[in-house]
Protein chains: 2
Amino acid sequence: MLMNDPQSASRQCGDCPIRHRAVCARCEADELERLDQIKYYRNFEAGQTVIWSGDKMDFVGSVVSGIATLTQTMEDGRTQMVGLLLPSDFVGRPGRNDAAYDVVAVTDIVMCCFRKKPFEDMMADTPHVAQRLLEMTLDELDAAREWMLVLGRKTAREKIASLLAIIARRDASLNMVGIAGPMTFELPLTREAMADYLGLTLETVSRQVSALKKDGLITLEGKRRVTIHDFNRLLDEAGDDSDGGMLA
Amino acid sequence: MLMNDPQSASRQCGDCPIRHRAVCARCEADELERLDQIKYYRNFEAGQTVIWSGDKMDFVGSVVSGIATLTQTMEDGRTQMVGLLLPSDFVGRPGRNDAAYDVVAVTDIVMCCFRKKPFEDMMADTPHVAQRLLEMTLDELDAAREWMLVLGRKTAREKIASLLAIIARRDASLNMVGIAGPMTFELPLTREAMADYLGLTLETVSRQVSALKKDGLITLEGKRRVTIHDFNRLLDEAGDDSDGGMLA
DNA sequence: TGTTTTCCTTGACCCAGATCAAACCGCCAA
DNA sequence: TTGGCGGTTTGATCTGGGTCAAGGAAAACA
C-alpha cells in the first residue's frame with residue numbers, strides 16, 4: 001500500500017484535514033486550484049524511510065496524517081532526533097536540492113507532495129504561500145530552541161516530563177479538550193525513539209518512565225497508553241514554569 | 001555611549017557592511033529608501049542586555065557589528081544559549097510582541113533597528129524582505145538542528161572541538177581566507193559563555209580546552225587567542241565528517 | 001499452538017562530567 | 001604596592017546516567 005491510491009488522490013483541498021494549518025492555510029481559492037494541479041499524495045508505512053539524508057529531493061510536502069521524525073546520524077551511529085513531524089508540518093526546503101536529515105515514518109503516514117520546481121515558482125509569485133511558510137518556520141525555530149534547553153540543561157526525569165507535556169498538550173489541542181483533569185493519550189514513540197529525541201539511552205527512558213509511574217504522576221495501560229493526573233505537577237517536574245495562563 | 005551617535009545615525013544603507021547578507025540583502029533601491037526611513041541605529045556595550053525575555057519588543061533589527069547571544073533561563077537559574085548573533089543576523093520576530101529570549105551583547109555591538117509596525121507593513125507589501133527573512137530563518141533552523149546533535153549526543157571534547165570549528169570557519173569566511181594551514185582567531189566568548197552554549201560547566205570547558213592544547217590540536221596565546229593547526233584533525237575530534245569538500 | 005521477534009524492564013557496575021574548593025593571573029584603581 | 005575583581009585553571013570527590021547483561025510480555029508468525 002505504498003502508491004497513490006485513488007481515494008486519496010482524488011481528495012480535494014477544500015475538505016483536507018490540514019487545510020487551515022499547513023503551508024496552504026492562507027491561500028485563496030485560485031491559489032488552491034494551482035496547488036491542486038501540482039500536488040499528489042503518497043503513503044508510507046510505519047517504519048519506512050521517506051527520505052535519506054543526502055538524497056536528492058525533488059519534492060516538498062506536508063504531513064497529512066500520521067507521525068514522522070527528522071533525524072541526524074553521526075558516522076559512528078549515534079543519532080539525534082531534530083524534529084517531530086505532525087500533521088500539517090512541512091517537509092523539505094525550497095531552494096535546496098538534497099535532504100539534510102533522514103525522514104522516517106513512525107506510524108503509517110499520508111503526505112501531500114508538491115513537485116519542487118513548480119512549488120518554488122509558486123512561492124516566487126504568490127506571497128501567501130511564502131508568508132505562511134515563514135510563519136511555520138519561525139514556529140519551528142522556537143520549538144527547536146526550546147528543545148535545545150531540554151537537551152542541554154535538563155535532567156533525565158525533567159526530559160521525560162517535558163516530552164510527555166509536549167505530547168499531552170498537542171493531543172489536547174488536537175482533540176479540543178482542556179488541560180484540566182486527567183489526560184489520557186497514546187505515546188506515538190517507542191522508548192528508543194524517545195531516547196533519540198531526548199539525548200538519552202532507552203534504558204534511562206524506561207527507568208524514568210517507571211519512576212514517574214511509581215511517584216504517581218502518570219499511570220500506564222500497557223506500555224504506550226499514558227494518563228497524566230495533574231498537568232501542572234507534570235510541568236513542575238519538567239522544570240517549566242507552570243504559569244500556563246489559566247483562568248482567574 | 002548608549003544612544004545613537006551622529007556618525008552611525010547618518011550611515012547610508014549603500015555602504016553598510018552587512019548590506020549583502022542581512023534582511024535587506026534582496027532589496028531594490030526604492031525599497032532601501034523606504035527602510036532608510038524607518039531605521040535607526042543603537043549601540044550597546046559589552047555585557048549589556050539588549051532585551052529581557054518577556055519584555056515588550058517594539059522593534060526588530062540586525063546586528064551590524066559585534067556579537068550577541070540569545071539565552072533561555074530556567075527558574076532555578078540554569079541557562080542555555082540558544083543562538084549566537086553575528087553581524088547581519090536578525091533579532092526579533094515579526095508578528096510577536098514579547099521577546100522570547102534574553103538578548104545580551106557579548107562585545108560592544110551596533111544594531112540597525114526598525115520600528116516593528118512599519119517593518120511588518122513593509123513585509124506585507126514588498127516580497128523581497130519576507131523572502132530574505134525566510135531564507136535566513138531556514139538557515140537558522142538548520143544551525144539550531146546541528147546544535148541539537150551537539151547538545152544531545154556529543155562528548156565534552158567533541159563539543160569544544162565543534163564550537164572551535166564553527167568559530168574558525170566563520171572567522172575564515174569573514175576574512176576571506178581558506179581553511180588550509182593554521183588558523184588564528186580571537187575567542188569571542190568567555191569560558192562561561194562557551195559552557196552555556198554547549199550545555200557544560202565552565203570547569204569542564206576549561207579542562208577540555210587544556211586537553212586539546214596538551215594534545216597539540218590548538219595553541220593558546222593568553223586565554224582567548226587560539227590557533228588551530230590542522231582544521232581537518234579538529235573536525236575529526238568534533239566527530240564531524242571531515243569530507244569538507246576540498247580540492248581533488 | 002508453540003516459536004520467533006520486537007519492545008520493554010530491571011539489575012549491577014562504571015565513568016564522564018558535575019560539584020565543591022582553592023588558588024592563579026592579569027588588570028585596574030586607590 | 002597593594003588589594004580587589006573578573007575570568008580562569010586545577011585538584012578532589014561525587015553522582016546521574018551510560019553500559020552491559022539478563023529476562024519478561026505481547027504481538028506476529030509458522
Side-chain angles (χ1 to χ4, degrees), chain A residues 45-48 74 76-80 104 106-108 150-164 186-215 218-226 237 239, chain B residues 45-48 69 74 76-80 104-107 150-163 186-215 218-226 237 239:
Chain A
E45 296 177 337
Q48 236 189 323
M74 296 172 64
D76 64 5
R78 281 175 282 176
T79 65
Q80 174 65 54
V104 179
V106 171
T107 63
D108 289 358
V150 173
L151 289 172
R153 293 301 183 192
K154 291 197 178 178
T155 64
R157 170 181 263 244
E158 288 171 333
K159 284 178 175 182
I160 299 290
S162 299
L163 177 57
L164 291 177
E186 200 77 19
L187 266 183
L189 303 174
T190 65
R191 298 290 184 263
E192 185 177 26
M194 292 171 68
D196 266 3
Y197 189 108
L198 299 169
L200 296 171
T201 59
L202 67 102
E203 292 95 329
T204 298
V205 170
S206 182
R207 276 187 249 274
Q208 295 297 337
V209 169
S210 299
L212 289 179
K213 186 171 77 175
K214 188 159 67 63
D215 296 348
I218 59 172
T219 312
L220 292 184
E221 241 177 283
K223 295 164 190 262
R224 297 291 195 89
R225 192 153 194 79
V226 178
E237 291 290 345
Chain B
E45 296 177 336
Q48 235 189 324
T69 59
M74 296 172 65
D76 63 6
R78 282 176 281 175
T79 65
Q80 174 65 52
V104 179
V106 171
T107 63
V150 172
L151 288 173
R153 293 302 183 191
K154 291 197 177 177
T155 64
R157 170 180 263 243
E158 289 171 332
K159 285 178 175 182
I160 299 291
S162 299
L163 177 57
E186 200 77 19
L187 266 184
L189 303 175
T190 64
R191 298 289 184 264
E192 185 177 25
M194 292 172 68
D196 266 2
Y197 188 108
L198 298 169
L200 297 171
T201 59
L202 68 107
E203 293 96 327
T204 299
V205 170
S206 181
R207 278 188 246 274
Q208 295 298 336
V209 170
S210 299
L212 290 180
K213 184 170 79 174
K214 188 159 67 65
D215 296 348
I218 59 172
T219 312
L220 291 186
E221 243 176 283
K223 314 203 162 227
R224 296 294 195 88
R225 192 155 194 79
V226 179
E237 291 289 347

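In what follows, chains carry the letters A, B, and so on, assigned in the order in which the sequence lines appear, proteins first and then strands, with residues in each chain numbered from 1.
Taking atom CZ on B:R78 and atom P on C:dA18, their separation rounds to 13 Å, with Å as the unit. One interatomic measurement links the two molecules: CD of A:E221 to P of D:dA25, which rounds to 18 Å at whole-angstrom precision. What separates CG of A:L187 from P of C:dC7 is a distance of 14 Å, to the nearest Å. The distance from atom CG of B:L202 to atom C1' of C:dG17 is 13 Å, rounded to the nearest whole Å. Here C:dA16 presents its C1' atom at 12 Å from CD of B:E158, a figure rounded to the nearest Å. Here D:dT8 presents its C1' atom at 11 Å from CD of B:E192, a figure rounded to the nearest Å. Following rounding to the nearest Å, B:Q208 (CD) and D:dT10 (C1') show an atom-to-atom distance of 13 Å. A:Q80 has its CD atom 12 Å from the P atom of D:dG18, to the nearest Å.
With hydrogens and angles left out, the side chain of A:R207 and the base of C:dG11 share a donor-acceptor pair within 3.5 Å. You'll find a donor-acceptor pair under 3.5 Å spanning the side chain of A:E203 and the base of D:dC20, going by distance alone. No N or O donor and acceptor, one from the side chain of A:R191 and one from the base of C:dT10, sit under 3.5 Å apart.
A heavy-atom distance below 4.5 Å is found between the side chains of A:M74 and B:K154. Between A:R191 and A:K223, the closest side-chain pair of non-hydrogen atoms falls below 4.5 Å. With contacts defined as side-chain heavy-atom distances shorter than 4.5 Å, the pair A:E237/A:L164 does not qualify.
Residue A:L200 is in sugar-phosphate contact alone, with no base atom involved, counting any heavy-atom pair closer than 4.0 Å across all strands shown. Nucleic acid contact class of A:S206 (heavy atoms, under 4.0 Å, all strands): base. If you check every strand for non-hydrogen atoms under 4.0 Å, B:G199 touches sugar and phosphate atoms only.
If you check D:dT19, D:dT10, C:dG17 against the side chain of B:S210, the one that comes closest is D:dT10. Closest approach to the B:T155 side chain among D:dT10, C:dG17, C:dT10 is made by C:dG17 (side chain taken as heavy atoms from C-beta onward). Among the nucleotides D:dT8, D:dG17, D:dT10, the one closest to the side chain of B:R224 is D:dT8. Relative to the side chain of A:L220, the nucleotides D:dG17, D:dT8, C:dT9 differ in distance, and C:dT9 lies closest.
One finds a side-chain N or O of B:T201 lying less than 4.0 angstrom from the OP1 or OP2 phosphate oxygen of C:dA18. Regarding contacts with the backbone of D:dG18, a side-chain N or O of A:T204 is found under 4.0 angstrom from either OP1 or OP2.
Exactly one residue among A:D196, A:I160, A:L189, A:T190 makes a side-chain contact (heavy atoms from CB on, under 4.5 Å) with A:V205. That residue is A:I160. Of the listed residues (A:L187, A:L212, A:V209), just one forms a side-chain contact (heavy atoms from CB on, under 4.5 Å) with A:L220, and that residue is A:V209.
Counting non-hydrogen atoms of neighbouring residues, nucleotides and ligands closer than 6.0 angstrom, the CD atom of A:E192 reaches no more than 12 such neighbours.
Nearest-nucleotide assignment on DNA chain C puts the 5′-proximal partner with B:R157, out of B:R157 and B:K223.
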